Structure formats: C-alpha cells, structure tokens
Amino acid sequence: MNRLKTKFPDHFLWGASSSAFQIEGGWDEGGKGPTVADINSFKRSHLQADSKVASDFFHHWKEDIALMKEMGLNIYRFSIAWARIIPDGDGEMNQAGIDFYNDVINCLLENDIQPFITLYHFDLPYALVEKYNGWESRECVKAFERYAKICFETFGDRVTYWQVHNEQNLMVRVDERVNITAEDSWEADRQRAQMDYHMFLAHALAVKACHCIIPNGKIGPAVSSTCTYPESNRPEDVWAARLNDWFKTDYCLDMHYYGCYPGYYMRYLEERNIVPIMMPEDEEILKGAKMDFIALNYYRTLCVRYLPADDAHPVGERAFPINQVDFDQYGYFHHLKNEHLASSEYGAQIDPLGLRTVLNNYYQKYHLPLIVTENGLGTADTLTEDGKVHDDYRIDYLKAHILACSQAIEDGVEMLGYSPWTFMDLLSSHEGFKKRYGFIYVNRDDHDLKDMSRIKKDSFYWYRRVIETNGEEL
C-alpha cells in the first residue's frame, strides 16, 4: 500500500474525542441530574437511541481506556457533565460525580494519556432552565463560573489542557440546544443574542479562573470552524462568503480574543434590535481573558450566494431552508450545494483543503497555537459475520485531513495536535447509532443494546500506526 509521507513536530498530541452525553450513559446514576441534552434526546427515544445508556462509558471506562492505551493515544479529549458534578447546576456538589471523573483522569494518566477536558458540551443542567431560562440569565453565568472553579480546584493538579464551551458559535444557532422555545422569531433571536453574550462572559470568567488556579493551565475555546466559498466571482457573492464565515465563526473568535463584538456583528444586532444587556464591569472581564490556544472542529465547507433583502424580508432576518446551523440571512447570504465536492451519506461536503484553509486563516489572524478537536466521517458501518469492521472509507477521509494538517504546518501554522471525532461509536444527536464515527465499533443498535461489546475497526489499527510514526506514515 502506498503511504503518504508527512512531517509533524515532536510531542505532537495525537488523540481522539468524545462528549459526556453522547458516550457516558448512566444518565441518572451516581447522583447525576438531568440536562438539556438528556431531555432533547428523550424527545426522540421512539425514533433512535437516547442518552440513557449511549455507549455506556460510565460502566465500561476501564476497558475503554485500555483500548485507548492500545491505540497509543497521547490525549483523550472528553467533556465533564456539569450535572454530574452539580446535579441542579448551582447547588450542592455531588461527591460521586467527582469520584467518577477522578477515577477516569487517574486511569488515563496511569496509561500515559493526557486528559483534555471540555467543561460544557451541549449539556446544561436542566434545573437551570427551569430556574432561570438557562443562559438568558446572569445567574447561569455565576453558576458556570462556580462549576468551572470546582473543576479547576479538583482536577487541575493533574489536568493541563481545558476547553470552556464546545462550539458555542454552533450551539447558539440551534434552539433546542440552548432551550429557546419562543415561537416569535424576533423574540427567539433576542434570547439567542443574550444567551450568546452570557456564554462569552462565562468563557472569559473561566479563562481567568483557570490561569489563577492552575499555574501551568492552558485553556481556550472549541469552535465549529467555517470555510465558505462564493457561488461565483461576482463581488457580492465573494462578500457573502466572507460574511458567512464572519457571522458563523469569526465573530465568536473575535469576542474571545479581543473582548468585544466586531463592528459588522454589532451592526446586525442593532439592525434586529437585539443588542444584549451588558454591564459596565463586563468589559474588563472580557478583555482580560487571554486564551492560550484555539481548538477547532472541522467536518465540511459551505457555499453561498448573496441574498438581497426586500420589503417582506428586512436586512438581518434569518431563514432556514436547510437547517438551523446553516441559516440564510437576508442582506447577507444564501446557502447552495457546492457542485465541485462529494458529500457524505448525511450531506456534509468533504473538503480536506478547507481544513488547511481554516488552519491558516485562524493562525494568521490570532497567532495562537491550534488543535483540531473534532474531525471525522459519520456513516453507517457493517459488522461482518466474523466480527470485523472494514472502514477504508473512514481511513481515506482521515488520511486526507491529516495530510491537510501537515500541509498547514508547512505553511507556518503552529499546531498542538489532532484529536478526531471520535474514539468510539457514540450517540449522534439526530441519527442515534445509525451514524457512526468511531475507531471502535460499539455493538448495539438504536433499540437493541445487544452485548455492548467493543470491536476494533480497521481504522483503529491504521490510526495506531499513524501515532507510532508521529504521522509520517499515513
């Protein structure tokens, strides 16, 4: 087999990723409280798997970490469930939850795997929704700061790398993920803008707390990266493509880096009359939180043309012809399929060059080290009669994207590591266990738990060799 030759720096962090609500199970065990992610998954229990069992990492973690060791991971990027630490979000600590994560962290370290922890991955404690409507209230900001400090004080002696929110810039676009239920579109966007601002404030407070509590701690955001192409070379289409990147991702990174909204985004908030309530003391907090790296999640690229506003659709109004994530915006952009790219089974347009592009864009703009914390191919896998999974399609996908990382490093980008999605099959928010990403096959279907055994796919052995050679052999 021909192998691509690539070059990665010494001590490059090769990992794999997951999130608590998608992998842990044990949703109401060990004192854990319900979360927004749990409640959303239960709404689809009749259609697909939910978070009650998921991949059952809660009961299989020793076995699973042994497999991580066998694959040679340097890091494991996972999230802590806020409601496992503080079941109601801002009340009493749950010692059983702290003990669980202590055990996981210690076991990872015993196996020479660095924990890389995300504090919040779509799973807000549901009690905070009931008490405050979640992120719409500053009370949620206070609750998150306290939760973050508990994690830093409890686990910071052993954990260096931290992420605050996973994909805030994507999460806030999806009503159910932040529990927006308003039927009026303006009211929904008003709440969205306030929630987004409060998450920025919580992020800044967490960054400051991490640097205060953990002397050598490294912390940053994990954004859903965006690379958008214009449909044509018409100037308005080129401009629309830039605006789509700015509105979906760059405004978020600017807020984290500079501590204020860029002008184009503030103009949009004013156009819609949804400028969030801000306190005078916030400016110092936002501007004083200096992140140490940028983590990015990358799956696809997008294509747009200019979308003019009219009497029926004023500038700034959003529309959803595809989904809430890829919204259109009047006066800005309209999404189209890129005819030059192939798509995955679930519609994501596959484009390794886009990863090289965003790595270069973010590094040239912010000059911070980068790490890919999600990248992968979600599709159905077939378990053969002799108990194997031949996923050459996943190997081809990952190989092309790792090559793009190597090319970005040659371009001058400083990269910390690559941690694809995901270590093992886990609960997909809208496709259950039909859509699989893992190096490990979890033997269950949406409504049949079977034996929950872990089966190494072909990609497991391939990625192990990539890690052994520090990426030189793909």
Side-chain angles (χ1 to χ4, degrees), residues 19-21 30-33 35-36 77-106 108-109 114-129 131-132 134-166 168 171 195-222 255-256 259 279 281-293 295:
S19 82
F21 85 92
K32 178 182 169 293
T35 70
V36 168
R77 181 254 184 172
F78 64 102
S79 71
I80 287 177
W82 183 348
R84 206 177 278 289
I85 302 294
I86 308 171
D88 66 356
D90 61 354
E92 294 296 317
M93 285 190 293
N94 173 37
Q95 188 60 45
I98 290 171
D99 292 344
F100 170 70
Y101 290 115
N102 268 325
D103 288 343
V104 168
I105 289 166
N106 290 338
L108 288 168
L109 292 171
Q114 279 198 67
F116 195 118
I117 291 179
T118 307
L119 291 170
Y120 173 47
H121 194 126
F122 303 164
D123 54 352
L124 186 72
Y126 197 74
L128 297 179
V129 171
K131 284 188 275 192
Y132 310 125
W135 287 109
E136 189 179 2
S137 170
R138 289 180 76 94
E139 292 299 317
C140 196
V141 179
K142 289 167 55 179
F144 183 81
E145 182 185 22
R146 173 175 175 256
Y147 157 65
K149 286 180 175 178
I150 289 170
C151 290
F152 299 147
E153 289 165 354
T154 306
F155 311 121
D157 59 329
R158 288 153 291 155
V159 180
T160 300
Y161 288 102
W162 298 83
Q163 293 174 315
V164 186
H165 307 317
N166 177 73
Q168 175 183 330
M171 176 171 32
M195 290 176 171
D196 201 21
Y197 178 75
H198 283 155
M199 279 192 273
F200 283 125
L201 194 60
H203 185 283
L205 288 165
V207 168
K208 291 169 79 85
C210 180
H211 289 150
C212 179
I213 295 169
I214 309 173
N216 298 316
K218 304 294 183 185
I219 190 164
M255 188 64 157
H256 290 320
M279 297 291 108
E281 63 269 24
D282 295 350
E283 182 177 1
E284 182 181 354
I285 295 168
L286 291 165
K287 289 184 179 295
K290 300 302 181 185
M291 54 189 178
D292 300 296
F293 61 84

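A quick note: this is a predicted structure, and the numbers were derived from the prediction, not measured. Reckoned from all heavy atoms, side chains included, excluding hydrogens, waters and symmetry mates.
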Open item on the list: Would you call the rings of Y147 and W82 parallel, tilted or perpendicular, taking 30° and 60° as the class edges?
Closed with: parallel

Open item on the list: Check the orientation of Y161 and F116. Use parallel for under 30°, tilted for 30 to 60°, and perpendicular for over 60°.
Closed with: parallel

Task: Passing candidate, side chain to side chain contact (heavy atoms under 4.5 Å, CB included) with F144, options L205, D90, L119 - done: L119

Considering residues, nucleotides and ligands other than [X], do more than 12 of their heavy atoms fall under 6.0 Å from its [atom1]?
X	atom1	answer
Q95	CD	yes
K149	NZ	no
D157	CG	yes
E281	CD	yes
E153	CD	yes

Task: SB check E145 K142 (cutoff 4.0 Å) - done: no

Task: D282 with R138: basic N within carboxylate O range, under 4.0 Å - done: yes

With no hydrogens and no angle check, is any side-chain donor or acceptor of [X] less than 3.5 Å from a backbone partner on [Y]?
X	Y	result
R146	G91	yes
S79	A20	yes
H198	W135	yes
N94	G30	yes
H256	M291	no

